[in-house]
Number of protein chains: 2
Amino acid sequence: MATVSRALAGSHPVSAATRARVMAAVESLHYVVNVHAKALSGGVAGPVALVMEQIIGPSFADVAAGVEQEAAARGRLSLVCTTHGDQGREHDLVQLMREQHAAAVILVGGAVLDEAYHERMAEYARALDAVGSRLVLCGRPPLPGDLPVTVVEYDNRGGAFQAGDHLLSAGHRRILYLGGDPAMSTAEQRRAGHLQALRAHGVPYAEELDIPGTYTRASGYDRMRDALKAGLDFTAVFAGTDMVATGVLAALREAGLDVPGDVSIMGFDDVPFAADLSTSLTTLRVPYEDLGRTAVRLALDGERRTSGGDHVILGTQLVIRQSVRPPGEKGTGRGRRGRT
Amino acid sequence: MATVSRALAGSHPVSAATRARVMAAVESLHYVVNVHAKALSGGVAGPVALVMEQIIGPSFADVAAGVEQEAAARGRLSLVCTTHGDQGREHDLVQLMREQHAAAVILVGGAVLDEAYHERMAEYARALDAVGSRLVLCGRPPLPGDLPVTVVEYDNRGGAFQAGDHLLSAGHRRILYLGGDPAMSTAEQRRAGHLQALRAHGVPYAEELDIPGTYTRASGYDRMRDALKAGLDFTAVFAGTDMVATGVLAALREAGLDVPGDVSIMGFDDVPFAADLSTSLTTLRVPYEDLGRTAVRLALDGERRTSGGDHVILGTQLVIRQSVRPPGEKGTGRGRRGRT
DNA sequence: CTGTGGGATGTAACGGGTTTCATCGCGAGG
DNA sequence: CCTCGCGATGAAACCCGTTACATCCCACAG
């Protein structure tokens, strides 16, 4: 038994004859080592767990792809778990990953940054640290205090500033901002970036143009229809997400408005089909796959473990297509007062 | 130690006082059972492994979501692994899953159905069966012979027939078929369905309109440009995939052709953004998420294990949007002879 | 008052590897 | 020819739970 182990692991010298016999036996018996036994006695690298609300949606799938890729390159398995927004399930999953001795638990996606959130994360961080697992926050801001947490963000605020700046530089002054849930970190950061851009251009804030929602196509569609119905005055729409932008596009089209002739649209995410929408979307590319890869890399490499953790912010990139044009260059030019 | 186990598992009676003490200790020590030890000694359900070429791409992500969802509902973890088309890696992954004692290994995506493939699958099936794992083929035809394999397909051929029939019924006779790699099972099945529809309508097969490629946007774009340049005569394009259709749409648009005014397009897959393309796509909905769910359900439920395995074929559904219109209803009407 | 049944808990084996330590055999050097 | 030393291999401990089995103690019935 010991010899078999040595032969298979190659950790200690074994005679060629014995090795051959072992290999033959392994072959004929279809033998495979039992990971559990192996794990129990020593080695075995724990898997990398990715915890998100849902897989559906291009950005999450991209993060997952990045994680899987990087984990596989390091000989790790990657687990995919979804919470569907249920905190109880999130908690259970973290517990489960502790049992699994996961090398890293990556929590991805925006979150509501209230007091309870911080407590929850602190608890996760400590609990995971106690069993040698690493907590990684992906696409979320770092935690206050000195917790064993690795953070990989992308620059929501900077990106939104860049995007808003692009719109403003084109001459737009009345920009309808269709954001996400204001409680969510990403939504708030993007909104902050937009507001910052407004200030930078000396454009006064108009409350009626600042509309929250969710990051879904349906939300974009509904909010846009509402806005048109309400006769809001605007020349451009800044959608919190390409999905939102897609809904906006559909609603605008239905209303007989031309993009970008009548209304400009700015997206966010650069989903794969952004270029193929009825009007190809000017948007902001977010390096989702990179985000996943970086998360794994940071969690697994480096000897840190020095109380605090790494913190990386990935940049975003403006992708200029056809959905943004200076106002008034064609068609009615200035906004729209709905069908009133 | 035994008492602790009993208290936590609740399998045997333990006095309330002892249970309380155990719980307190667990709490203060942040104790969690070791899955490996637990697995070694008895229970512990193995994870469900999903093996695919890549995660990126809406259909794969949907399958993954279905698998994760159904696995989680049964208290199983789901592993995601990608092969990137490498058979060696596929083999390694199957081996790895045997070590992991995975409950099921789900291979998803079309495959080249040659002799070597069948041998490989047969080997996988037997090897997995030997350790109590189940092999599931998802989106692929069943294997010849009596192997312990579960198969979950969707009706590629029937769907393609339906789609082709839709085009033909609209009056199209010159249909450009932009298929996938003819060696791949899904591509061949779809093509067969299309040919069947042609026959059913008494339309002769035209070799120059039967163009293979890959299921990517780039392939659709390139093939379409080539076809236009070659001056092919056609009134409709049947794209093997919505991604291909997206590329076709882009190429047609660039060439100044109107869809569906000049050319009709039929897609396949009903990707989430199909409705939002420059012309919303008439396509065939494939129940990818269902596919994943069914795969897990079949693999985990049922006592079968009776040599052979289940075989389920899921239906598809025609989704009529705006990219198909009878030929000649507007514009040039009859195909296009390129820029020649 | 004693026998007995049963709840509560300790003991030990087991699962399947890895690793340390001990043993053994053989070739080379003294 | 003897011994030292090292490569090869066997024995046993260990990893950490679960569970069958053995104890032990107490309450209740006879």
Side-chain angles (χ1 to χ4, degrees), chain A residues 1-47 49 75-77 92 94-103 127-133, chain B residues 1-47 49 75-77 79 92-103 127-133:
Chain A
M1 193 80 277
T3 304
V4 173
S5 175
R6 283 186 278 244
L8 291 177
S11 53
H12 294 269
V14 173
S15 77
T18 308
R19 163 168 292 119
R21 278 193 303 134
V22 169
M23 290 312 181
V26 164
E27 190 69 22
S28 69
L29 272 60
H30 289 284
Y31 170 87
V32 273
V33 297
N34 182 326
V35 266
H36 301 301
K38 177 179 283 189
L40 205 47
S41 57
V44 179
R76 308 273 183 162
L77 252 24
D92 291 349
V94 170
Q95 198 67 1
L96 193 58
M97 289 313 131
R98 293 209 318 136
E99 294 182 11
Q100 294 282 335
H101 292 264
L128 287 169
D129 193 58
V131 295
S133 296
Chain B
M1 193 78 280
T3 305
V4 173
S5 176
R6 285 185 278 244
L8 292 178
S11 53
H12 294 269
V14 174
S15 78
T18 307
R19 163 167 292 118
R21 279 195 302 134
V22 169
M23 292 309 183
V26 165
E27 190 69 22
S28 70
L29 270 60
H30 289 285
Y31 169 86
V32 274
V33 297
N34 182 327
V35 266
H36 301 300
K38 177 180 282 191
L40 249 197
S41 54
V44 180
R76 308 273 184 161
L77 252 25
L79 294 163
D92 291 348
L93 282 172
V94 170
Q95 199 67 2
L96 193 57
M97 289 314 132
R98 293 206 322 134
E99 294 181 13
Q100 295 282 335
H101 292 262
L128 288 169
D129 193 58
V131 295
S133 295

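Below, chain A is the first sequence line, B the second, and so on; all start at residue 1.
Here the NZ-NE2 distance, from K38(B) to H36(A), works out to 11.5 Å after rounding to the nearest 0.5 Å. Between the CG atom in L128(A) and the CZ atom in R98(A) there is a gap of 7.0 Å [rounded to 0.5 Å]. For the atom pair L93(B) CG and Q100(B) CD, the distance stands at 10.5 Å (nearest 0.5 Å). From L79(B), atom CG reaches atom CG of L77(A) across 4.5 Å, with rounding to the nearest 0.5 Å. Expressed to the nearest 0.5 Å, how far CZ of R19(B) lies from CG of L8(B) amounts to 9.0 Å.
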For side chain to side chain contact (heavy atoms under 4.5 Å, CB included), just list the numbers for N34(A) and H101(B), CA-CA rounded to whole Å, side-chain angles, deciding distance to a tenth of an Å, and then say yes or no. CA-CA 8 Å; N34(A) 182 326; H101(B) 292 262; 3.6 Å; yes

Full working for side chain to side chain contact (heavy atoms under 4.5 Å, CB included) between V4(B) and R21(B): CA-CA 9 Å; V4(B) 173; R21(B) 279 195 302 134; over 6 Å; no

Could you please spell out the steps behind the side chain to side chain contact (heavy atoms under 4.5 Å, CB included) verdict for Q95(B) and V32(A)? CA-CA 8 Å; Q95(B) 199 67 2; V32(A) 273; 3.2 Å; yes

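Non-hydrogen atoms lying under 4.0 Å from DNA chain C are contributed by Y31(A), V32(A), V33(A), N34(A), all within residues 24-35 of chain A.
The backbone N or O of P13(A) lies less than 3.5 Å from no partner atom in the side chain of R6(A), so there is not a single donor-acceptor pair. The backbone N or O of A103(B) sits nowhere less than 3.5 Å from a side-chain atom of R76(B) that would complete a donor-acceptor pair.
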Pick out the pairs of N or O atoms, protein on one side and nucleotides 25-28 of chain C on the other, that lie under 3.5 Å.
none

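For the pair H101(A) NE2 and dG17(D) C1', the interatomic distance rounds to 11 Å; values are reported in whole Å. Spacing between atom CG of L40(A) and atom C1' of dC16(D) amounts to 5 Å, rounded to whole angstrom units. Spacing between atom CD of Q100(A) and atom C1' of dC16(D) amounts to 15 Å, rounded to whole angstrom units.
In terms of phosphate contacts, S5(A) brings no side-chain nitrogen or oxygen within less than 4.0 Å of OP1 or OP2 of dG17(C).
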Go along nucleotides 7-13 of chain D 5' to 3' and tag each nucleotide: B for a protein heavy atom under 4.0 Å from its base, S when only backbone or sugar atoms are that close, - otherwise. -SBBB--

